[in-house]
Amino acid sequence: MTENSARPQLAHLTAALDELKAKGTHFKLRILDDQQAAVCHYDGKEVINLASNNYLGLANHPKLIEAALAATKAFGVGSGAVRTIAGTMRIHMELEEKIARFKNVEACVVFQSGFAANAGTVSAILGKDDIILSDELNHASIIDGARLSRAKIKVFRHKDAAHCEELLKDVAGEPGHKLVITDGVFSMDGDIGPVDKLAALAEKYGAIMMVDDAHASGVLGLKGRGSVDHFGMHGKVDVQVGTLSKAIGALGGYVCGSRDLIDYLYHRARPFLFSTSHPPSVAATCIAAFEMLENEPERIERLWGNTRYFQGELRRAGFNVGGVTTPATETPITPVIVGEGRMAMEFSRALFDEGVMGTGIAFPTVPEGRARIRLILTSEHTQGQLDQALETLERVGKRMGIVG
Ligand SMILES: *Cc1c(COP(=O)(O)O)cnc(C)c1O
């Protein structure tokens, strides 16, 4: 027994964990033994990996590894300070300029994560007299940012622009600033936010428009520029958030917009002011990743080819990949809805035992009764791997009564 294990102060946490165990939704972390890749080893077992956000296979790409090593040799392993004190390295600025050019905006600021970008930005640009109109399925980091801002939060039904407009009308007479905010791609269902309609509403009612493109960057739009490009809404979205942790393959988040927005965030976004900046290796990795997006758009084509094939085959096998009681996926995010949390966790475990890694996701991450495994395709899965995964899904699904 280690020093703290028996103290009563935290007994309520143990009780909460016991409750999860009773419901069958308690999990153990699976441990990756090698590199984040299409086939890899978790807990010592070889699996076809359909659980990562490594859409374009960049997380272990040789060119990115080289860039990280070279930057480490040249500039060391740490930045040594927060950006505003002494921790702004030239390579941080180069990355921000690179992203701004990629996104076709005036300026960009990089945060330590997408979570920090959302939470830090929403809480910085709004205050207690302001009003946030937010999709009910927006990411947790948006919700936390909204709470931190102390603004009033009005939640519109998922992707329901008409409902958003009703709420905008309701608050039209109130003095505060208004913000309309949506995910570009919703992380649990894979559907695309109505960025075009919401941006038009924001324009009509004089609201700020903000999009979180964590799952859209590197996936949607020309060369992976994101949902704003996908909808042809350049210049109509005031605040574009993206992540460097998913398709870009490393770690971080960013905000794109006007020079003044970025300058303001330099002065007011708390994760920027109070948390140390990226190691130079991370910045170098991301720069190399954006170069790959520019130079190898065929990766994105392969990603979408794999997505169409895999989702088509799942539907043919009778799986519910969304579209009935849950939104229909429109991206490589592939929910396989099973219903009960316990069942989703058991399905995930059974697939793992047979060599397929797909994460079980239950309440509160998704609504009660809509538990699922979530699969994500990458550009790097081969036809053979996809077919083997499909065969396994169907066999295990039949055995468990998930498909007929
Ligand atoms: C993953 C995700 C984030 C957080 O990004 P990180 O870089 O992993 O912190 C933010 N928003 C959405 C919609 C996400 O899916």
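Atoms within each ligand, like the ligands themselves, are counted from 1 in listed order. Because the structure is predicted, anything quoted here is derived from the model rather than measured. The figures here come from the full heavy-atom set of this structure, side chains too, leaving out hydrogens, waters and symmetry mates. By convention here, the first residue in the shown sequence is residue 1.
Less than 4.0 angstrom separates some heavy atom of His215 from each of these atoms of ligand 1: 15 (O).
Looking at ligand 1, you'll find an N or O of Thr243 within less than 3.5 Å of one of its N or O atoms. On a distance-only criterion, Val185 and ligand 1 share no N/O pair closer than 3.5 Å. Inclusion of Ala214 in the set of residues having an N or O under 3.5 Å from an N or O of ligand 1 is not warranted.
The only member of Leu137, Asp183, Asp135 that meets side chain to side chain contact (heavy atoms under 4.5 Å, CB included) when paired with Lys159 is Asp135.
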Salt bridge (charged side-chain N to carboxylate O under 4.0 Å, His left out) between Arg370 and Glu340, intermediate numbers included: CA-CA 7 Å; Arg370 308 272 165 85; Glu340 286 311 304; over 6 Å; no
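Neither side chain, Ser123 nor Ser149, offers a donor N or O lying under 3.5 Å from an acceptor on the other. Looking only at atom types and distance, the side chain of Ser227 has no donor-acceptor partner in the side chain of His230 under 3.5 Å away.
Partners of Arg259 under the side-chain hydrogen bond (donor to acceptor under 3.5 Å, both in side chains) rule, at least two apart in sequence or in another chain, do not exist in this structure.
If you look at Asn118 next to ligand 1, the close heavy atoms, those under 4.0 Å, all belong to the side chain.
Among Tyr254, Phe111, Phe115, the residue whose heavy atom lies closest to atom 9 (O) of ligand 1 is Phe115. Nearest residue to atom 13 (C) of ligand 1 from Ile333, Asp212, Val241 is Asp212 (criterion: closest heavy atom).
Within the structure, the closest approach of Gly253 to ligand 1 does not fall below 4.0 Å when heavy atoms are considered. The shortest heavy-atom distance from Ala116 to ligand 1 is not under 4.0 Å.
At most 12 heavy atoms of other shown residues, nucleotides or ligands fall within 6.0 angstrom of atom CZ in Arg270.
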